[in-house]
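Only one structure is covered here, and it is reproduced in the block below.
Proteins get letters first, then strands, A, B, ... in listed order; numbering begins at 1 in each.
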2 protein chains.
Amino acid sequence: MSLPHAILTALLEKPSSGLELTRRFDKSIGYFWSATHQQIYRELGKLEAEGHIRALPSQQPARGQKKSYEVLPAGRAELARWTAASQDPKPYRETLFLRLRAAAAIGTEGVAGIEADLRRHLELHRRQLSEYEEIEQRDFPPGKDSPQDRLQHLILRAGIDLETFWTRWLTHALEEFAELPDQSR
Amino acid sequence: MSLPHAILTALLEKPSSGLELTRRFDKSIGYFWSATHQQIYRELGKLEAEGHIRALPSQQPARGQKKSYEVLPAGRAELARWTAASQDPKPYRETLFLRLRAAAAIGTEGVAGIEADLRRHLELHRRQLSEYEEIEQRDFPPGKDSPQDRLQHLILRAGIDLETFWTRWLTHALEEFAELPDQSR
DNA sequence: ACGGTTTATGCAACTAGTTGCAGAACCAGG
DNA sequence: CCTGGTTCTGCAACTAGTTGCATAAACCGT
């Protein structure tokens, strides 16, 4: 039940059309909640039906025509309710750990196959990390510390710390691999 | 397409019945790939139909009767194939970040509601962290460093590091909250 | 031997997310 | 103008995961 609230948040920050939302979900919000355009359009329909958002009246709604939405008071209230409601952390779902465990269970041949992909992941996470660090430099210079900025920065820090975890852990994993006896690789 | 492979791994480590698998998915493997008993039974049926596993012939299969499975060579091969195949990291889906961003967009009332749940999450992650640390003490004493042990330990380290990230970040977040001007809380 | 709890397996329906495709408007070049 | 690519919206079908319930054997105290 998170996607509708992700969309409400995005629309609250700035009224947008479906495609604009899709683009914004490819970065920014999408860093921690991704969505495809089909999900977004479907959800926009539901949210409109429920009276949480409405199409901006400025243009007639026709196919192939931009249709922008804004959040209604009811939508804002629902978002506030959801944000304040207590939620349990969901268990991880991480295939890399699974594959490592599978490799251990299989033995020699299993271990050999996975090393290259670990390297690839390390490279990807390094890239993501430096992307986040650029954003930090650009969007959060020393002076910017309104309550809003502080919260946004906090979220970005989480992204940076997570990517830092990944690069460290993957580096450590590859070192371990290097030390394994040859017949296990 | 990860659940069947998680099950194959578990069965490779030790042939088990559906319920035994369910219990094992509540800990150990479940720390990074959770599954309910219904998912498991369904998947066991599919895996058997595909010839990847088979029921141990020791007991007649009747309702309310334990039925244990073991991995067949075809299943082992499939697991090795999957493990070695390159996979992209999936984008995070983290509601806590989403809720924080929503709180920022809503303003004062939004920020107020979420603080208690951050504290609760911090407590939960602290608990998980110490659980992992106990497992490390118990299962990985200094001497244990066969290739298998090293890989298992590596996975556990990832869990420990992730929980460490969460406790640190949540602590930091709560400190930031404390510094926000009163009308924003 | 009886009735209640626990163990073990499973079906059906639902929710969330993904993939593939298609159709209308809009824009640029001949 | 018309044609062919791009933008924008959307439907339909599929896969993965969740929730609620059913059913039967086993186990256990009386």
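- With Asp149(B) contributing its side chain and Phe140(B) its backbone, the two residues share no donor-acceptor pair below 3.5 Å.
- The nearest whole Å value for the distance from the CZ atom in Arg93(A) to the P atom in dT18(C) is 13 Å.
- Among the heavy atoms of the strands, none lies under 4.0 Å from Thr22(A).
- Computed from coordinates, the Leu44(B) CG to dT9(C) P distance equals 9 Å when rounded to whole Å.
- In summary, Arg23(A) and Asp26(A) do not engage in a salt bridge, as defined by a charged side-chain N under 4.0 Å from a carboxylate O.
- Note on Gln39(A): a side-chain N or O is less than 4.0 Å away from OP1 or OP2 of dT18(C).
- The 5' end of DNA chain C is approached more closely, in terms of each residue's nearest nucleotide, by Leu19(B) than by the other of Leu19(B) and Pro4(A).
- Between Glu13(A) and Arg24(A), at least one side-chain N (NZ, or NE/NH1/NH2) sits under 4.0 Å from a carboxylate O, which counts as a salt bridge.
- Distances shorter than 4.0 Å separate some side-chain N or O of Arg23(A) from OP1 or OP2 on dC8(D).
- One interatomic measurement links the two molecules: CE of Met1(B) to P of dC14(D), which rounds to 17 Å at whole-angstrom precision.
- Put simply, Tyr41(A) has a side-chain N or O that comes within less than 4.0 Å of OP1 or OP2 on dT9(D).
- dT9(C) atom P lies 19 Å from atom NZ of Lys46(B), rounded to whole Å.
- As a whole-Å value, the separation of His37(A) NE2 from dG17(C) P is 16 Å.
- In this model, no side-chain donor or acceptor of Glu43(B) finds a partner on the base of dG17(D) within 3.5 Å.
- Side-chain to base pairing of Arg42(A) with dT18(C): one donor and one acceptor N or O lie within less than 3.5 Å of each other.
- The aromatic rings of Tyr31(B) and Tyr132(B) stand perpendicular to each other, their planes meeting at an angle above 60°, with 30° marking the opposite boundary.
- The interatomic distance linking Gln38(A) (CD) with dT15(D) (C1') rounds to 15 Å, in whole Å.
- Considering only side-chain N and O atoms, Lys90(A) lies nowhere under 4.0 angstrom from the phosphate OP1 or OP2 of dG17(D).
- At a threshold of 4.0 angstrom between heavy atoms, the contacts of Ser17(A) are confined to the sugar-phosphate backbone, with no base atom among them.
- Atoms CH2 (Trp33(B)) and C1' (dA16(D)) sit 10 Å apart, rounded to a whole Å.
- A donor-acceptor pair is defined here as one N or O able to donate and one able to accept, closer than 3.5 Å; no such pair exists between the side chain of Arg101(B) and the backbone of Ala6(A).
- Whole-Å rounding puts the Leu47(A) CG to dG10(D) P distance at 13 Å.
- The Lys67(A) side chain lies nearest to dG10(D) when the options are dG10(D), dT18(C), dT9(C).
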